[in-house]
Amino acid sequence: MKRNRIKELLKSDATGSEVRVMGWVRTKRQSKNVAFIALNDGSTINNVQIVVDFAKIQEDLLQKIHTGASLSVTGELIESQGSGQKVEVLAKEIIILGEADPDEYPLQPKRHSLEFLREIAHLRFRTNTFSAINRIRHQMIFAIHRFFTEKGFVNIHTPIITASDAEGAGEMFRVTTLDPKNPPLTETGEVDWKADFFGRKTNLTVSGQLEGELAAMGLGEIYTFGPTFRAENSNTSRHLAEFWMIEPEMAFYDIHDNMDLAEEMLKYVIRYILENADDDLSFLSQRLIFEEKGLPQDKRSPFELKEKLRFVLENDFARITYTEAFDILRNSKMNKKKRFQFPVQEWGFDMQSEHERYLVEKHFKKPVIVTDYPKDIKSFYMKLNEDGKTVRAMDILFPQIGEIVGGSQREENLELLIRRMDEMGVPKEEMWWYLDTRKFGSVPHSGFGLGFERLMLFVTGMKNIRDVIAFPRTPKNAEF
RNA sequence: UCCCCUUUAGCUCAGUUGGUUAGAGCAACGGACUGUUAAUCCGUGUGUCCUAGGUUCAAGUCCUAGAAGGGGAGCCA
């Protein structure tokens, strides 16, 4: 007999028919003549209720069933006499697939802290919160691929291992097969990287952008969606050493086309989740309300989770230049009353988290796109504006999480690009292939990077990035 | 990496100016209960007080160092 997934079963009105469900026990409630088992198979946040009549099922079997055990239950789908559900399964046969000793099984039918669940990351898929997050995560991945597919973009797998040492996007993880205790040395006593596997120094990628640009210079519009690695010793709720990044790169797009695409994409994905993940979103919304119950009003989320998502959908993102942002910040009450930890004084300063949050959460009260940053605080590949002082960069700032997208129009002029590389000390020799795209048939083009887990934070309402990825990699933590 | 906070039962936490056998709620287990919804009621047990030193007649409590976790900052997506 085939297995019925709980998600479909709960929607079914075929009462009277024989069904088989398999899943993990969430709770068992027992009274004199009857017992109830809440069973979950991961297909939905909702459990199916198994009704156990002691006349039909042996009682010693029932004593072996505890929270966490896995069961195969065959029985009749019946209309529920209780009030919590429409249908339930009246068990005819229960097979225990795997027991779970209650003295050892760490998950209990009660609320656990997220910190505790992180320590048992191998089991936290069995919780409501974590299974909801991961079902939504999948829907998001799917929505992103669908959005770009509908737009005619081509997905490119850029390399995980790169030799490029010039991207300037943070500390990198070295990839090597050399013996760390006894590496081959050159005549001058240095490590001889020529003897390494690739015949040169290699690292895990910190960005697929440069390779993405190469692909766009032929395919037109491409995107990457892959793992990215940063060896920064960052210990915050917004950083991972291994995370997933979406990087579209588009030929013939200027900075405005770029912004339009990013805003359209974010809204598409959010709309998709609202339309396709209502059960899980509703659960996460309730979870958030409960979690924030004890907090003072000003520390709570200003919107309910789904309201927040709808708000993003229904409002245009604010678009301002860095210079406008600077004026808003400098003239703000916060700044005049010296309430910022870092006072806003001189044009050219790099905005701190507190400034970004002020713009998004206090001033505009919606997502903000800041463009045309001073060239000195941005990367070498960004296109220089006519003023010679700013570059065509754009950062999208979201409430609570800060920068969610960073992008720019790229410098397509070979001479200007070389000048910027010289100014910023970027080695040109090993990037000959990148420069070639400006040498042969160069075109205006743009792109951006979107931190997938940061988007997950926003959509799920979770506070710590370690709870929106199955197995977080952070400094001093690679247990699972 | 820097600043602040935390670490006591399976989980969440209390533990007074240092003082005898270290507590609560939940979970678990046993029993009761005609259908429960994180059931309810009664009962039972639970400890490397993070680690290593130190001060003291005496340390869960004070001091030093370290580890892990959390919040914030930097770096960034």
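Order of the sequence lines fixes the chain letters, A, B, ..., with proteins taken first and strands second; residue numbering starts at 1 for each chain.
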Base, sugar-phosphate, or nothing for A/Glu88, non-hydrogen atoms under 4.0 angstrom?
base
Counting any heavy atom closer than 4.0 Å, what does A/Glu115 reach on the DNA or RNA strands: base, sugar-phosphate only, or nothing?
sugar-phosphate
If the P atom of B/rG66 is compared with that of B/rU48, how far apart are they to the nearest Å?
26 Å
Need one value for A/Glu453: base, sugar-phosphate or nothing, where a base atom within 4.0 Å counts as base even if backbone is also close, heavy atoms only.
nothing
With a cut-off of 6.0 Å (strictly less than), are more than 12 heavy atoms of other residues, nucleotides or ligands near CD of A/Glu18?
yes
Does A/Ser234 make a side-chain N or O approach to OP1 or OP2 of B/rG74 shorter than 4.0 Å?
no
Each nucleotide N or O in nucleotides 66-68 of chain B that has a protein N or O under 3.5 Å away: list the pair and distance.
none

Respond yes when some side-chain nitrogen or oxygen of A/Arg29 is under 4.0 Å from OP1 or OP2 of B/rA39, and no when none is.
yes
With a 4.0 Å cut-off, would you call A/Glu8 and A/Arg5 a salt bridge?
yes
Strictly below 4.0 Å: does A/Thr236 bring a side-chain N or O up to OP1 or OP2 of B/rA73?
no
Stacking check A/Phe243 vs B/rA77 (5.5 Å / 30 deg)
yes
C1' atom, B/rU17 versus B/rC11: distance in rounded Å?
32 Å
B/rG74 phosphate, OP1 or OP2: any side-chain N/O from A/Gln352 under 4.0 angstrom?
yes
Is A/Glu479 salt-bridged to A/Arg473, cutoff N-O under 4.0 Å?
no
In sequence, state the C-alpha distance, the side-chain angles, and the governing distance for A/Arg454 and A/Phe458, and then conclude on side chain to side chain contact (heavy atoms under 4.5 Å, CB included).
CA-CA 7 Å; A/Arg454 289 200 179 164; A/Phe458 184 75; over 6 Å; no
State whether A/Thr27 places a side-chain N or O below 4.0 Å from either non-bridging phosphate oxygen (OP1 or OP2) of B/rA39.
yes
Applying a 4.0 Å non-hydrogen cut-off, can you work out what A/Leu455 is touching in the nucleic acid: base, sugar-phosphate, or nothing?
nothing
Between A/Tyr434 and A/Glu213, is there a side-chain donor-acceptor contact under 3.5 Å, judged purely by atom types and distance?
yes
How about A/Phe311 and A/Phe303: are their ring centroids closer than 6.0 Å?
yes
Centroid separation A/Phe480 to A/Phe125 less than 6.0 Å:
no
Presence of A/Arg466 side-chain N/O under 4.0 Å of B/rG70 phosphate oxygens OP1/OP2
yes
Relative to each other, are the rings of A/Tyr322 and A/Phe326 parallel, tilted or perpendicular (30° and 60° limits)?
parallel
Tell me if the NE2 atom of A/His122 is crowded by more than 12 foreign heavy atoms within 6.0 Å.
yes
Verify the contact: side-chain N or O of A/Asn235 to OP1 or OP2 of B/rG70, cut-off strictly under 4.0 Å; return yes or no.
no
Indicate, with a heavy-atom threshold strictly under 4.0 Å, whether A/Glu354 touches base, sugar-phosphate, or nothing.
nothing
Once you apply a heavy-atom cut-off of 4.0 Å, does A/Phe116 come out as touching a base, just sugar-phosphate, or nothing?
sugar-phosphate
So A/His112, base contact, sugar-phosphate only, or nothing? Heavy-atom distance under 4.0 Å.
sugar-phosphate
Where the side chain of A/Arg118 is defined as all heavy atoms beyond and including C-beta, which of B/rC11, B/rG69, B/rA77 is the nearest nucleotide?
B/rG69
Taking the six-membered ring for Trp, is the centroid-to-centroid distance between A/Phe225 and A/Phe148 below 6.0 Å?
no
Touch class at under 4.0 angstrom, heavy-atom based, for A/Ser113 against every strand present
sugar-phosphate
Counting side-chain heavy atoms from C-beta on, which of B/rU36, B/rC76, B/rC75 comes nearest to A/Ser80?
B/rU36
Is there a side chain to side chain contact (heavy atoms under 4.5 Å, CB included) between A/Ser353 and A/His355 once you walk through the steps?
CA-CA 5 Å; A/Ser353 296; A/His355 305 130; over 6 Å; no
A correct 5'-to-3' footprint of nucleotides 25-33 of chain B, with B, S and - meaning base, sugar-phosphate only and no protein heavy atom under 4.0 Å, is BBSSS---B
Dot-bracket line, read 5' to 3' along RNA chain B, where crossing pairs take [ ] and | marks a partner on another strand, Watson-Crick or G-U under 3.5 Å
(((((((..((((.....[...)))).(((((.......))))).....(((((..]....))))))))))))....
Assess, by modelled atom type and distance only, whether the side chains of A/Tyr253 and A/Glu221 contain a donor and an acceptor separated by less than 3.5 Å.
yes
Can you tell me which nucleotide in B/rA73, B/rU34, B/rU36 comes closest to the side chain of A/Asn33?
B/rU34
Do A/Glu356 and A/Gln352 get their side chains close enough for a donor-acceptor pair, meaning under 3.5 Å?
no
